[in-house]
Amino acid sequence: MNLADFKTAILQGIPDELPLPKAYETNINHAPKRKDILSANEKKLALKNALRYFPAKFHKVLAPEFLNELETFGRIYMYRFRPDYKMYARPIDEYPAKSKQAASIMLMIQNNLDYAVAQHPHELITYGGNGAVFQNWAQYLLTMKYLAEMSDEQTLVMYSGHPMGLFPSHKNAPRVVVTNGMVIPNYSGRDDYERMNALGVSQYGQMTAGSYMYIGPQGIVHGTTITVMNAARLHSPGDFGGKIFVTSGLGGMSGAQPKATVIAGMVCIVAEVNPKAVEVRHSQGWVDEVYTDLNELISRALKARKNKEAVSIAYQGNIVDLWEKLAEENIPVELGSDQTSLHNPFAGGYYPAGLSFEESNKMMAENPEQFQEEVYKTLRRHVAAVNKLTKNGMYFWDYGNAFLLEASRAGADITKADGEFKYPSYVQDIMGPLFFDYGFGPFRWVCTSGKAEDLETTDKIAAEVLTEIAASAPDEITRQMEDNIHWIKEAGKNKLVVGSQARILYADCNGRTKIAKAFNDAIADGRISAPIVLGRDHHDVSGTDSPYRETSNIYDGSTFTADMAVQNFVGDGFRGATWISLHNGGGVGWGEVINGGFGMTIDGSPEAEERLKMMLHWDVNNGISRRSWARNKPARFAIEQAMKENPDLKVTLPEDADDALLDGLFKTN
């Protein structure tokens, strides 16, 4: 399809004539069939909900077709309306848009659905098994049409993938406001999600899927590299060479683990049950070697340990079989974790041992109760093997995928006598005290030109800015600065780009603001040829309230409150974000987390500079102030520094109570 035809297709939206049905392609990774949860009356309602996107003249053909999709796949995806053009992040000037800001969002949406990026592209799922950009293809078509038509005096409102419409606003308002899964709190159970999603009225946006800010596995490569390196520093003395890290998952997010471990200089052993996921990561070079025989794999891993190789080894099979083999043979393992999608354990996020991949997919759809029992049985075995290896010295952590939470629900031996989990969240031990409390988090940018040379220029600019800041940085953040300077200098060599020309690094407010301003200046003087989209993972200082992950190192009793994430979303909106998003659900599950995100398009203008300064300052310091109020000492240090730098910032600081005084009040005779 040529460029003119592409633009025509975008502007058409819902076609005037029915397109021909699309063949079900078996050569790409598809979402598993969802369980049959709707009653007959609810299925009728789901059809009515789907048909409202189309003129009545189409209904006679589409109604039985959509019913067949619902009964075959558990959802109505509207495959017939999947576009004929290739899905990828085109250069910004190729989009038929009146607003550059809107065009940048179109680019980001298409990147999330790129076959090289998305986990289940035909089901509009970017990662995590259910992290959706849209619920169906009609929503995609309408959204792209609205974005093409909108001016900088309008805002597009998105309800869980559904484009509610364009509303009059003003040029300083967000161009798009996104909410995903924002249901009444008492209706955040798993079956509530399954039912509402099958009805077509709500969706699970994950963190960066439904907010159009996913940049492929590179995003988590950086965070994983930082996490693994600091886990080794804190809990495994000696240099990194030869240390073994065992984990699972090669999907959209978890697929970053082997690459990150190699960058850190260690040996990664990662299990994955889906052969297609293994094939993709191996073909991309994110996994070095693949084994189906555990004896051969262990022999290879021990050789790598001896030679202090940096290598990634995939086991195509169940993670529990791997853990049990390692435990049985007392193989020394320094570091261990898990990145199966346990926020979604009964619909493709976790596969039971003893069943093939195909058998599991069949059971989860046709016998969900038995499947749940098999999952819980496997989780109990999973934890037992991990417990044995940790007794031998392995450091194990929860990687924010609800492993501890779901294992406890399964009745696994995962809690201590006082009811606390045996193992920490990685935020509790590593990312919280070392990064989030100091304001460091995953700052991202995308070069909308699509040119590798623009990305190379941004890498150099970011390295220069961070090096200059590091020269006078306080001792408390020296290591963080050094790690990120090293990362950005090496990023290009590691060939991390999948999809859009994007980059990530961890920076604090000062770093993010100075890097963004330097980018804006470079766009203005022509060193960078097109606008840049700024963003972040919601997994950050301020964006997410998640008691089992991002806010697991908050100890003042406020871990189950979500004021921070909601305030973050609202505050970004009136301080200059191009689009904002608020989601129920994320890496740890529906009903377990609220997270807010943003995207900001900078174009070299003075207005863009004002917006980035104002919004980035709030986006970081909102979270630091909450963490300081929770009495986290690094955050207290960070917010006091921020107030010195900006006299307009005045934050309530906590007074510490004397523990001895309080203990005396509770003494018993």
* **Sub-6.0 Å ring centroid separation between Tyr506 and His222** => yes
* To do: Output yes when a side-chain donor or acceptor of Gln119 lies under 3.5 Å from a complementary backbone atom of Gly128, and no otherwise.
  => yes
* Check against side-chain contact (heavy atoms from CB on, under 4.5 Å), Arg627 and Ile554 -> CA-CA 7 Å; Arg627 293 168 184 277; Ile554 300 293; 3.9 Å; yes
* Determine yes or no for a side-chain-to-main-chain donor-acceptor pair under 3.5 angstrom, with Asp454 supplying the side chain and Cys447 the backbone. => no
* With no hydrogens and no angle check, is any side-chain donor or acceptor of Arg549 less than 3.5 Å from a backbone partner on Gly400? -> yes
* Asked: Any side-chain heavy atom of Asp36 within less than 4.5 Å of one from Glu71?
  -> no
* Asked: Within the distance-only criterion (no hydrogens, no angle test), does the side chain of Asn49 pair as donor or acceptor with the backbone N or O of Leu199 below 3.5 angstrom?
  -> yes
* Asked: Under the criterion side chain to side chain donor-acceptor pair (under 3.5 Å), which of Gln110, Gln135, Arg82 is the partner of Tyr140?
  -> Gln110
* Looking just at side-chain N and O atoms, do Gln218 and Arg503 make a donor-acceptor pair shorter than 3.5 Å? -> yes
* Answer with yes or no whether the side chains of His343 and Asn130 bring together a donor and an acceptor at under 3.5 Å. => yes
* Report the C-alpha distance between His120 and Tyr115 in whole Å, list the side-chain angles of each, state the deciding distance to 0.1 Å, and finish with yes or no for ring-ring contact (aromatic ring centres under 6.0 Å, His included). => CA-CA 8 Å; His120 305 307; Tyr115 282 22; over 10 Å; no
* Is there a donor-acceptor contact under 3.5 Å from the side chain of Asn595 to the main chain of Asp545? -> no
* Side-chain donor/acceptor of Asn621 to backbone N/O of Ile624, under 3.5 Å -> no
* Asked: Does the ring centre of Tyr79 sit less than 6.0 Å away from the ring centre of Phe73?
  -> yes
* To do: Flag the pair Arg75 and Glu194 as a salt bridge only when some basic side-chain nitrogen lies within less than 4.0 angstrom of an acidic carboxylate oxygen.
  => yes
* In plain terms, say whether Arg444 and Asp540 are close enough for a salt bridge, that is, a side-chain N and a carboxylate O under 4.0 Å apart. => no
* State, yes or no, whether a side-chain contact exists between Lys451 and Gln501 at a heavy-atom distance under 4.5 Å. => no
* **Distance-only polar pair, side chains of Asn29 and Asn274, donor-acceptor under 3.5 Å** => yes
* Structure fact -> Contacts of Thr26 meeting side-chain contact (heavy atoms from CB on, under 4.5 Å) (sequence neighbours excluded), chain-then-number -> Tyr24
* Asked: So, Ser188 versus Asn584: side-chain donor-acceptor pair below 3.5 Å or not?
  -> yes
* Does the distance from a Lys or Arg side-chain N to an Asp or Glu carboxylate O, for Asp114 and Arg90, drop under 4.0 Å? -> no
* Structure fact -> Rounding to 0.5 Å, atoms CG (Leu47) and CZ (Arg52) come to a distance of 12.0 Å
* Between Phe569 and Phe598, is the ring centre distance below 6.0 Å? -> no
* Show the numbers, then the answer: is there a salt bridge (charged side-chain N to carboxylate O under 4.0 Å, His left out) between Lys145 and Glu149? => CA-CA 6 Å; Lys145 184 176 190 291; Glu149 293 174 343; 2.5 Å; yes
* Asked: Does the side chain of Asp619 come under 3.5 Å of the side chain of Asn568 through a donor N or O and an acceptor N or O?
  -> yes
* To do: Say whether Arg536 and Thr208, considering side chains only, have a donor N or O and an acceptor N or O under 3.5 Å apart.
  => no
* **Pair Thr143-Phe134, side-chain contact (heavy atoms from CB on, under 4.5 Å): steps then yes or no** => CA-CA 10 Å; Thr143 299; Phe134 301 99; 3.3 Å; yes
* Would you say Arg175's side chain and Trp579's backbone share a donor-acceptor pair under 3.5 angstrom? -> no
* Structure fact -> Separation between OG (Ser449) and CD1 (Ile532), nearest 0.5 Å, reads 8.0 Å
* To do: Find out whether Leu505 and Trp445 are in side-chain contact, i.e. whether some heavy atom of one side chain is under 4.5 Å from a heavy atom of the other.
  => yes
* Please determine which of Thr513, Asp521, Asn520 meets the side chain to side chain donor-acceptor pair (under 3.5 Å) test together with Lys517. => Asp521
* Heavy-atom closest contact (Met1 atom, Asp5 atom, distance) -> CG-CB, 3.4 Å
* Between Ser99 and Asp152, do the side chains contain an N or O donor and an N or O acceptor separated by less than 3.5 Å? -> yes
* Structure fact -> In short, ring-ring contact (aromatic ring centres under 6.0 Å, His included) pairs touching residues 167-198 with sequence neighbours left out are Tyr193-Tyr204, Tyr193-Trp590
* Go through His30 and Glu123 one step at a time and tell me if the side chain to side chain donor-acceptor pair (under 3.5 Å) criterion holds. => CA-CA 7 Å; His30 285 283; Glu123 290 76 38; 2.8 Å; yes
* To do: Under the side-chain contact (heavy atoms from CB on, under 4.5 Å) rule, what do Thr72 and Lys33 come out as? Steps first, then yes or no, please.
  => CA-CA 7 Å; Thr72 303; Lys33 179 182 178 181; 6.0 Å; no
* Hey, are Asp84 and Lys22 close enough for a salt bridge, meaning a charged N less than 4.0 Å from a carboxylate O? -> yes
* Asked: If you measure from the Lys or Arg side-chain nitrogens to the Asp or Glu carboxylate oxygens, is any gap between Asp603 and Lys100 under 4.0 Å?
  -> no
* To do: To the nearest 0.5 Å, tell me how far Tyr548 OH sits from Thr559 OG1.
  => 8.0 Å
* Asked: Are the side chain of Arg195 and the backbone N or O of Asp192 linked by a donor-acceptor pair below 3.5 Å?
  -> no
* Minimum side-chain heavy-atom gap Arg80-Glu65 below 4.5 Å -> yes
* Please examine the side chains of Phe346 and Pro368, heavy atoms only from C-beta on, and report whether any two atoms are closer than 4.5 Å. => no
* **Val533 side chain near Thr448 side chain, heavy-atom distance below 4.5 Å** => yes
* Asked: Taking the side chain as C-beta and beyond, is there a heavy-atom pair between Thr155 and Met150 under 4.5 Å?
  -> no
* **Pro83 and Leu141, any side-chain heavy atoms less than 4.5 Å apart** => yes
* Interatomic spacing from CD in Gln139 to CG in Leu142 - rounded to 0.5 Å -> 8.5 Å
* Asked: How many angstroms lie between atom OG1 of Thr601 and atom CG of Leu612, to the nearest 0.5 angstrom?
  -> 12.0 Å
* Asked: Can you tell me if Ser605 uses its side chain to pair, donor with acceptor, with the backbone of Ala608 under 3.5 Å?
  -> yes
* Flag for His162-Tyr53: side-chain donor and acceptor within less than 3.5 Å -> yes
* Asked: Do the charged groups of Glu607 and Arg611 touch, with an N to O distance under 4.0 Å?
  -> no
* Say you draw a straight line from NZ of Lys57 to CD of Glu17; how long is it, rounded to the nearest 0.5 Å? -> 5.0 Å
* Passes side-chain contact (heavy atoms from CB on, under 4.5 Å), Thr551 versus Thr544? Steps please. -> CA-CA 8 Å; Thr551 44; Thr544 298; over 6 Å; no
* Asked: Does Ser581 reach the main-chain N or O of Ser211 with its side chain, forming a donor-acceptor pair under 3.5 Å?
  -> no
